[in-house]
Amino acid sequence: MRQREDDETAMEASESSQVDPKTTQPPEVDETKMTSPAQAEDTAESPKGDRPQDTGGRAVRHGTAPAPSASSRSGGAVADSAKDTVVFPKISPGPATGPHPAGPHPTGPKPGGAEPTTSAEPAEPAGLDPAAFEPTAPDLQPPDLHPPDLHPPGLQPPGPHPPGLDRAERGSAASGATAPETTAPDLEVPSETFTPVTDTPQRAPEPSSRPAQSAKTQAGRPRLVDRLLRSAPRWVPPVLTVEGLVMYILALRASPGPLAGVSQSDIDGLGLISALPVTAFAAVIVLIAAFFVTLAANIDRKGLLLFQLASVVFALHGASALVHDEPRFHTAWTHAGFVEYIARTGDALPGLDARFAWPGFFALFAFITRAAGVTDLAPILQWTPLLSNLLYLLPFVMILRLLVATTRARWFAAMLFVLTQWIGQDYFSPQGFTFFLYLAFVAVLLRWFGRASDESAGPPGKGRVRAALAWLNRLTPGEIPQSSPSLGDKVIMLSVLVGLFAATTASHQITPFMMLGALVGLLVVRRTTLSYALPLLLGLIVLAWISYQAMPFWAGNLDRIFGGLGRIFENLQDNTGDRLVGRDARNTLVLQVRLGILGVILMLAAAGLLRRIRRGVTDRAAVVMLCIPVLALALQSYGGEIGLRIYLFALPGVCILAAYAFFPNLPAGTPDSGGETVPLRKRYTRPLLNPELTRRLSLVLAVCTALVLSMAFLVARYGNEKFERVTTDEVAAMRYVYAHNTPSARLLYLVPEVGREVTPTIPWRERDIETVEYLEVLATSDPNNIEPVITRLRQEGPQTYLVFTNGQAAFLELSHGYAPDWGKRYRAALDKSRQLKRVFANGDAAVYTLSSYPRGAQPEPPAVFDFGDSPSTPWTPLGLLALGTTAASLFLHEVLRMRARKRPGKGRAWALRVGLVSFAIAVAVILERFISLGFDGH
């Protein structure tokens, strides 16, 4: 808006400064301080106070200049609205046609013989032809004029005068006489001539004894230092980012010392943050500061901002890869074993693990690794968290580009998304992979099938619900209306939507329902052009997969699957309160920080939503992305981790709304938006502070919030690092077992309670998942009581091993209240026992077995997981036929609907009818299979 106002002021000044050559004959005037229209426009674009010096080398007085008066506009001097700079035109002489004031030429020598010291050449005004101002007679040279003596005494300046001055005052104000009167030859002035007028008399420069400036400065080429200072806003942020990256890498990879390096022995109950050097924290601060330096310029430098976001992602999500030699998180090793088995055998084992009923992710990476000849997945596991978070940014930034928000709000939402994604579901796993597909699904919905047109409110009607809906319809949509793509593009992107959903259905249990919920939510709030036929199609896909492909998972286990349905408060207790009981004090602080991040981000989201509504904006898409995942809390506990999944899928919507708590206004240039700190509809709110002060205060608060969240992230993400990390010694112990598993082996791991399904804190199932069986064994709180281990080893027979690791000991100490030195004392008891034999040992792990077994005892054969053919029902073939018919009919109906006809054709109507009938048949067969196979134990 400021730029637009400055352009209009300059245009008015240029128009009003044109004079009629028949009535006035102004002299040739040159000036030492001059601003071209291009420079004035560039100055108007930058915010007040951002530049200490103008690009043209002019002296700048900071502050807001008053609006130009009528006299200054008519006289041709244009005052910049951001800086008190007067713009003078340059007029070349022509043949004289009348008298004009005389005086020394501005380019001539100054009084006292001092050379002019201007640092920049005068700029030519836009729209003037220099050839039109050449003198027509070579012998007519205009006399020199001092810039202050534009109107000698007794000569009235052409054009209107400032109001409020009589003739005598105008004469004295115009004179400022220091030079004698001279008579200038007649000059012919072209029609497009500006008349220079100053509001105050100019004084001649005093003679200076300082040496003249260099030739480069006099020629208008500023020195290198000046150029660097003027261009600092462009090169300082990337330099700071690179400096922060180098500092961070050196801080984590250097040898341990007071200012660099990480000693893993220093990691305690607070996690990795307890061992990080001071320079690592300083590097994170530098990276975040560089991001906000770029953001403060309020220029959408997409490439630089993405690079800075990627740098913050590298620092926060890549810390473990820089510190540890092995991939963290033990479940990632299990998924690597699934990939290894499919790549080796070409088949899955749904009877071994429920995740094999959704093998899409494992099959994809099995194909990739086998085609590439990769046998060791450890490097892939090591960098997967970093690569996953970088991939998440791509669709999320695309979603942000589709919202009606300022540049600062969009990029700050992306920064919040990076800083609050601490839950660690981005490792090598199906949920980490399908979360990327979920973001891509929502991005495609909003980009190619989004709708953000204003809807007429209509009569409010009776009832509070109708009145509330009518009021919401009157608000401005928070999404940008998209240009209508062609029918071919829509068909292609609809196929992409169905493909993304099908890939997710084959890879994960929960993500398809999150996609389906997002689609239905956007349909309900009227933010998509699709119809309800697509949710029917996608819902049938996920039900059919569960019924036909995941049958080994649910057959005979429906009570277990749906046991938590509707138990909202119990599921919430499993995911929050139960996790804070019986833990180490420092580890409890880690969990409190996690809950604190959740509470802060939710409060910011609520504040952002309210601030947007007060400005007359409704962000329906963001609200849908926030609320739909919460509904999963009513399904089941998901092993006590449903809360983490809800947080993960609600995070995009939460971050968008939280960014509006700091930058709630619409971008400048939108209809009725005003400036960035001016509300869209002033009747909803009245700013209490100066808009410029509010803008700066919001930026400062955003910086402080980002810095606090970055430190909290390191605590929340790596708080369990003492037992979630994997060491090389632990991997070596596990590979000893893999080398001695012929024909099979049983591996015991320590748990505080048998039968609670505690995930082993060892890198398990990396190899030979069909020949190595993993069994729980009780670890008592008394470190000298190892009798449960000896009993279980004797029961399982030969080639049964116990693996003890420091990670298991740390898990029991921090998570279940075991003594701080329990691990050392327990390992010492195992070493002293004469009934046990230690077959492998290193610093962090040891492997034990019985000293002797009864004569003739043989190892157990490997378990058999062949279930034969999947059980079926008489109606299954009909259900498969109805499934294919439904998919084809509903997809065809959606394509025909895209032809934008007001009345549906016969083909579209028949496609819908056939699709609904076949849908009912397919659902009936699925229910029949659940009833027949789900409760009889097959």
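All residue numbers in this chain count up from 1 along the given sequence.
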Output all residues satisfying ring pair (Phe, Tyr, Trp, His ring centres under 6.0 Å) with [X], sequence neighbours left out; order by chain, then residue number.
X    : value
F649 : F435, Y438
F433 : F361
F501 : none
W422 : Y647

Once you round to the nearest 0.5 Å, how far does [atom1] of [X] lie from [atom2] of [Y]?
X    : Y    : atom1 : atom2 : value
L609 : I656 : CG    : CD1   : 12.0 Å
L306 : W411 : CG    : CH2   : 4.0 Å
L445 : L497 : CG    : CG    : 5.0 Å
L245 : S311 : CG    : OG    : 4.0 Å
F441 : T511 : CZ    : OG1   : 12.0 Å
N389 : Y392 : CG    : OH    : 6.5 Å

Kindly give the heavy-atom pair with the smallest separation between [X] and [Y], and that separation in Å.
X    : Y    : result
L272 : A319 : CD2-CB, 4.1 Å
L316 : Y718 : O-OH, 2.6 Å
P395 : A440 : CB-N, 3.8 Å
P237 : L304 : CB-CD2, 4.0 Å
L699 : A296 : CD2-CB, 3.5 Å
L287 : A315 : CD1-CB, 3.7 Å

**OP:** Please lay out, stage by stage, how I399 and L446 fare under the test side chain to side chain contact (heavy atoms under 4.5 Å, CB included).
**Re:** CA-CA 7 Å; I399 294 173; L446 295 178; 4.1 Å; yes

**OP:** Please report the C-alpha distance between C655 and T420 in whole Å, then the side-chain angles of each, then the deciding distance to 0.1 Å, and finally whether the side chain to side chain contact (heavy atoms under 4.5 Å, CB included) criterion is met.
**Re:** CA-CA 9 Å; C655 292; T420 56; 3.6 Å; yes

Under 4.5 Å between any side-chain heavy atoms of [X] and [Y], yes or no?
X    : Y    : result
I288 : V703 : no
L589 : Q592 : yes
V624 : V524 : no
L276 : L252 : yes
V617 : V404 : no
L591 : L595 : no
L604 : T705 : yes
Y248 : L322 : yes

**OP:** Evaluate the side chain to side chain contact (heavy atoms under 4.5 Å, CB included) criterion for residues F513 and L631: first the C-alpha distance (whole Å), next the side-chain angles of each, then the deciding distance (0.1 Å), finally the verdict.
**Re:** CA-CA 10 Å; F513 293 98; L631 299 179; over 6 Å; no

Original post:
Do the charged groups of R328 and E721 touch, with an N to O distance under 4.0 Å?
Top reply: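 Result for this pair is yes, salt bridge flagged.
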
Main-chain N/O of [Y] paired to [X] side chain as donor or acceptor, under 3.5 Å:
X    : Y    : answer
S388 : P385 : no
T434 : L437 : no
Q308 : A290 : yes

**OP:** Test F713 against H317 for ring-ring contact (aromatic ring centres under 6.0 Å, His included), laying out the working first.
**Re:** CA-CA 10 Å; F713 174 91; H317 296 271; 4.9 Å; yes

Subject >> L538: which of L516, T504, V520 passes side chain to side chain contact (heavy atoms under 4.5 Å, CB included) >> reply: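 Of all the options given, the one that passes is L516.
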
**OP:** Not counting sequence neighbours, list each pair that qualifies as a salt bridge (charged side-chain N to carboxylate O under 4.0 Å, His left out) and has a residue in residues 414-430.
**Re:**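 Qualifying pairs: D426-R717.
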
Subject >> Residue pairs passing the salt bridge (charged side-chain N to carboxylate O under 4.0 Å, His left out) test where at least one lies in residues 267-291, sequence neighbours excluded >> reply: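 Qualifying pairs: D268-R586.
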
Original post:
Parallel, tilted or perpendicular: which describes the rings of F329 and Y427, with under 30° parallel and over 60° perpendicular?
Top reply: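 Answer is tilted, since the angle falls between 30° and 60°.
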
**OP:** Hey, can you tell me if H335 and F428 have their rings parallel, tilted or perpendicular (30° and 60° cut-offs)?
**Re:**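 Rings of H335 and F428: tilted, as their planes differ by 30° to 60°.
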
Original post:
Y660 ring centre to R612 NZ or CZ under 6.0 Å, with the angle to the axis within 45°?
Top reply: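 Relative to the ring axis of Y660, which defines the angle, R612 lies inside both limits.
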
Original post:
Between R526, R451, R527, which is the residue that forms a salt bridge (charged side-chain N to carboxylate O under 4.0 Å, His left out) with E479?
Top reply: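 Exactly one option meets the salt bridge (charged side-chain N to carboxylate O under 4.0 Å, His left out) with E479, and it is R527.
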
Original post:
Checking side chain to side chain contact (heavy atoms under 4.5 Å, CB included) for the pair R408/R695: CA distance, chi angles, key distance, verdict?
Top reply: CA-CA 11 Å; R408 296 185 178 186; R695 181 170 177 265; 2.9 Å; yes

